[in-house]
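Below is one structure, written out as structure tokens; comments come after it.
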Amino acid sequence: MPELPEVETVRRTLLEGGLAGLAIVAVRVLHPDAVHWPDTARFSRELQGRRIDGVRRRGKFLLLDCGGRTLACHLRMTGRLWLSAAQEAHLSHTHVVLELSDGRELRFRDVRRFGGFTLMEPDGSMGPPLLARLGPEPEELSLADLARACSRRAGSPVKSLLLDQAFVAGLGNIYADEALHRAGVHPGRTCGSLSTQEQGAVRRGVRTVLREALRHRGTTFLDFRDGAGEPGAFQAFLRVYGREGLPCRRCTTPIAKTRIAGRGTHLCPRCQPEGE
DNA sequence: CCACGATCCTGCTAGC
DNA sequence: TGCTAGCAGGATCGTG
């Protein structure tokens, strides 16, 4: 599940691969589900001939600057976006291919078909609605933001707050669990019950885990690959996610798995006590 | 305003 | 061995 570190790794590896400066010479949409806006004919026509000037990221969105137009891409669960040699055999579930001016291709594949592209209008309208509502990047999240959100949503579990992209952009299920373990805060704790000290620990946990995951180029369970097709390495350093029954790396208590905010949730019952 | 469950989708796997 | 039901989850939508 690509979250901030994975999406940022894709961005960096696309740039390292030399994507910026290349033109899109042809567009092939193999599955219309992967183009969210506009219709596939307009999408192809309006992208063709444009030069890719750069690649930015906002939350989990990749934003390709295409000669005055912004092409937004969301990988959701299983999306991959990578630079490929044209003669490379097609992976199954490849839905969009952008042929590039140096003979290579920018390919998008997505097994579950949740992800896809939005070609924003020249005035910036028709972008993904969530993009306009995103909260701050985690590095910009202030303690005041956190305190305000905690009092506004006093009754809801802290994990749902971390997953809310309008509160902070870029966290998903894996890093929400990892951040809360680092903070020593149970994911089911209500926002209103967190002390100022605990709020600080949560913010620190979020920032620390995202930085470390980025340093290891993201987490690959099954699907994630970067812009060069390479997997990440952070899965070896996860402390709770996917480690049900395995000893906590801090205290050796078996990691528990439960359901909070409708998501599979991993935690250490000892490091993250349920009550205060 | 906020929370929660269902929904989308396919591949993997636990269980019979 | 082979089948099926259940699970995985980011974001959205309808309901309470």
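Quantities reported herein were computed from a predicted structural model and do not represent experimental measurements. Every chain is numbered from 1 and lettered A, B, ... according to where its sequence line falls, protein lines coming before strand lines.
Counting non-hydrogen atoms under 4.0 angstrom, A:Phe221 reaches nothing in the nucleic acid. Using a 4.0 Å heavy-atom cutoff across all strands shown, A:Gly155 reaches no nucleic acid atom at all. Residue contacts for A:Met77: at a heavy-atom cut-off of 4.0 Å it reaches a base atom on one of the strands shown.
B:dA6 atom P lies 10 Å from atom CZ of A:Arg259, rounded to whole Å. Atom CZ in A:Phe167 sits about 12 Å away from atom P in B:dC2, given to the nearest Å. Atom CE of A:Met1 and atom P of B:dC9 are 19 Å apart (whole Å). The nearest whole Å value for the distance from the CZ atom in A:Arg133 to the P atom in B:dC2 is 11 Å. Rounded to an integer number of Å, the gap from CG of A:Asp110 to C1' of B:dC9 is 9 Å. Rounded to a whole Å, the CZ atom of A:Arg153 is 12 Å from the P atom of B:dC1. Counting to the nearest Å, the C1' atom of B:dC4 and the CG atom of A:Leu161 are 16 Å from each other.
Summary of the strand contacts: A:Arg152 and A:Phe114 both lie near DNA chain B, and taking for each the nucleotide with the nearest heavy atom, the more 5' one is attributed to A:Arg152. With the nearest nucleotide of DNA chain B identified for both A:Ser156 and A:Leu222, A:Ser156 has the one nearer the 5' end.
Phosphate contact (OP1/OP2 of B:dG11, side-chain N/O of A:His93, threshold under 4.0 Å): present.
Ring orientation note: the planes of A:His216 and A:Phe234 are tilted relative to one another, at an angle of 30° to 60°. Between A:Phe61 and A:His74, the ring planes lie perpendicular to each other; the angle is over 60°, past the 30° to 60° tilted range. Aromatic ring pairs are classed by plane angle as parallel below 30°, tilted from 30° to 60° and perpendicular above 60°; the pair A:Tyr241 and A:His266 is tilted.
Nucleotides of DNA chain C that come within less than 4.0 Å of any heavy atom of chain A span, from the 5' end to the 3' end, C:dA8 to C:dT12.
You'll find the side chain of A:Arg211 reaches within 4.5 Å of the side chain of A:Glu139, heavy atoms only. Looking only at side-chain heavy atoms (C-beta outward), A:Asp145 and A:Glu140 stay at 4.5 Å or farther from each other.
Look at C:dT1: it lacks any Watson-Crick or wobble partner with both distances under 3.5 angstrom.
Ion pairing between a basic and an acidic side chain is recognised when a charged N comes within 4.0 Å of a carboxylate O; A:Glu121 and A:Arg42 show such pairing.
Within a 6.0 Å sphere centred on CZ of A:Arg243, other residues, nucleotides and ligands contribute more than 12 heavy atoms.
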